[in-house]
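Worth knowing before you read on, the calculation uses all heavy atoms, side chains too, and leaves out hydrogens, waters and symmetry mates.
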Amino acid sequence: MSAKSSVSPASEAEQPKSGSRIPKFLKVPFWAQILGGLVLGVLLGWLARSQDVSWLVTTLDKVGSTFIGLLKLAVAPLVFFAILVSITNLRKVNNAARLASQTLVWFMITSLIAVVIGLTIGLITNPGAGTGLTPKDGAKPDEAGSWIDFLTGIIPTDVITPFTELNVLQIVFMAAVAGVAVLKIGDKAQPILDLSESVLALLQKALWWVIKLSPIGTIGLIGFAIADYGWDLISKYATFTADIYIGCAIVMFGVYPLLLSTVAKVNPLQFFKGAWPAIQLAFVSRSSVGTMPVTQKVTERLGVPKEYTSFAVPFGATTKMDGCAAIYPAIAAIFVAQIFDVQMGIKEYLLIAFVSVVGSAATAGLTGATVMLTLTLSTLGLPMEGVGLLLAIDPVLDMMRTATNVAGQVATPLIVAARENILDRDKYAKATSSPLDGYDEEPADEPQAVPVAA
């Protein structure tokens, strides 16, 4: 690492700043900006609904949808180049196949734990009982997922449509093929790799600018949710909503810390100090892919080698979905079965676990988990009209689900890195600051080969 890159962000912050920079004491931490946006959004949403201020509702909707639109704008190229570059970066890691397989194994282990927690909560609380909802309140979605659609839909028919229709799963497939091809070709493909790395850096820089708008986006998203749905809708789905939030909280604040302390043998509180910027942004944006640059940054700051992080985080952002693909479909399936008076047994619960562990890639890291829900319902033979019962409350649920997804996308690489003895524990112990504070000034680390224990 160069002498310049050895200077910590904290040391740089202590150096004299030019007159054009904002004094440090006037800067508001990013977490405080997000919190302020949440509070202001709730107040404006309540005002718009209670006073029937239509123009305020429209404004909040436009602000929130514009922010999400800006995030989605970068999703397709970001996923493609991130996956391509991450696969090629594995050549810098000794025993890369073992790291990749260990990552996948731990993705599956944590997903299985999450789905068991979801099923347990659903069976204990009976979320569909006493809601007043009937099958007539449901409606079939425009598109429903099935295993045939899922498997055949991985391979695109052309190279343009996946980008125009934002089919993330097909984009991941093309990127993986391209990445492996670059590795096989070797030096002749170096210009392509250099271009891909440059484009990825450009996309990440542009997305960081969008991420800095998160406090404003928060006002619109939260405000419109309150103004449009109101507390009446939430009260009708009170048990179901509480189940999702409690299930996600158990996984995020119980399972992950337990695994970190027992398997990785690190301080779980330090994990939340380092990972919190990514978790809070995921809560607001409801997009694992949109949060990916922050997720990758906090994972590196927690001591995971950059070469492994650049593979594990993009891979996780498109496949690691404990909130959307494990807890949510498990509880939702029980909810729908109770509304439609369909009895489920051990076989159905095992099928839910299977779908959650194997089919989580169907969620694709975007806002919402409708595809995963329809895949689960179709596998169980439950009525697709059940999806319509849950769409109204989905944005409220998606915030907590996505925060859980991203927490798992940080925790899993930490566990694998610790088990393979490549985790920088000193760096982990010092990770505290938000990755958005001073990001533009922070120098990048130079690539280094990562040793992996046999």
Side-chain angles (χ1 to χ4, degrees), residues 34 67-83 86 103-104 106-108 110-111 114 166-172 175 200 203-204 207-208 210-211 214 217-218 221 244 248 251-252 256 275-300 302 304 309-329 356-357 359-373 375 394-395 397-414 435-436:
I34 293 289
F67 174 68
I68 293 298
L70 288 172
L71 283 176
K72 285 187 174 182
L73 188 64
V75 164
L78 179 67
V79 169
F80 180 83
F81 288 105
I83 295 294
S86 69
T103 303
L104 182 60
W106 279 98
F107 278 2
M108 297 175 70
T110 51
S111 294
L166 206 58
N167 190 320
V168 177
L169 200 57
Q170 293 182 355
I171 295 172
V172 170
L200 179 60
L203 290 168
Q204 289 180 325
L207 192 55
W208 272 95
V210 175
I211 288 170
S214 296
T218 302
L221 292 168
I244 299 297
C248 288
V251 171
M252 193 189 312
Y256 296 152
W276 195 252
I279 295 173
Q280 69 175 2
L281 179 60
F283 183 86
V284 173
S285 68
R286 298 164 43 212
S287 172
S288 295
V289 172
T291 309
M292 187 165 63
V294 184
T295 309
Q296 188 164 337
K297 199 67 181 176
V298 300
T299 307
E300 291 175 18
L302 283 166
V304 180
T309 301
S310 65
F311 163 77
V313 171
F315 183 40
T318 52
T319 59
K320 178 59 178 169
M321 305 286 166
D322 288 345
C324 291
I327 296 169
Y328 175 68
S356 299
V357 173
S360 61
T363 54
L366 298 174
T367 56
T370 303
V371 175
M372 188 62 191
L373 177 58
L375 184 63
D394 193 69
L397 306 176
D398 204 22
M399 295 184 291
M400 188 62 172
R401 293 188 315 228
T402 309
T404 306
N405 295 342
V406 169
Q409 292 160 18
V410 179
T412 305
L414 276 169
L436 293 182

- Item | Name of the residue among I327, T402, L397 meeting side chain to side chain contact (heavy atoms under 4.5 Å, CB included) with C248 | I327

- Query: Can you find a heavy atom in the side chain of Q204 that is under 4.5 Å from one in the side chain of Q296?
  - Reply: yes

- Output for pair (L70 CG, S285 OG), nearest 0.5 Å, gives 12.5 Å

- Note on the structure: On a heavy-atom basis, the closest approach of M321 and G316 is CE-O, 4.2 Å

- Least distance between heavy atoms, L207 atom then P293 atom: CD2-CG, 3.4 Å

- Query: What heavy-atom pair brings N405 and S288 nearest, and what distance separates the two atoms?
  - Reply: CB-OG, 3.8 Å

- Note on the structure: Scanning both residues in full, the closest heavy-atom pair of V298 with A278 reads CG2-CB, 3.9 Å

- Task: For residues A317 and V289, report the shortest heavy-atom separation together with the two atoms involved.
- Result: O-CG2, 3.9 Å

- Query: In Å, rounded to the nearest 0.5 Å, how long is the span from CE of M108 to NZ of K320?
  - Reply: 10.5 Å

- Hey, what do you get for OG1 (T309) to CD (Q409), rounding to the nearest 0.5 Å? 12.5 Å

- What is the distance from atom OG1 of T412 to atom CZ of F315, rounded to the nearest 0.5 Å? 10.5 Å

- Message: Do D398 and C324 have side chains that approach each other closer than 4.5 Å (heavy atoms only, starting at C-beta)?
- Response: yes

- Message: Measuring only between side-chain heavy atoms, which start at C-beta, is W208 closer than 4.5 Å to K297?
- Response: yes

- Message: Just by distance, no angles: are the side chains of Y256 and D322 close enough, under 3.5 Å, to form a donor-acceptor pair?
- Response: yes

- Over all atoms of both residues, closest heavy-atom pair of L78 and L203: N-CD1, 3.7 Å

- Message: side-chain contact (heavy atoms from CB on, under 4.5 Å), that's the test. Do R401 and R286 meet it? Break it down for me.
- Response: CA-CA 8 Å; R401 293 188 315 228; R286 298 164 43 212; over 6 Å; no

- Item | Point-to-point distance, once rounded to the nearest 0.5 Å, from OG1 of T295 to CD1 of I279 | 9.0 Å

- Task: Would you kindly say whether S356 and S111 are connected by a side-chain donor-acceptor distance under 3.5 Å?
- Result: no

- Do V406 and F283 have side-chain heavy atoms sitting under 4.5 Å apart? no

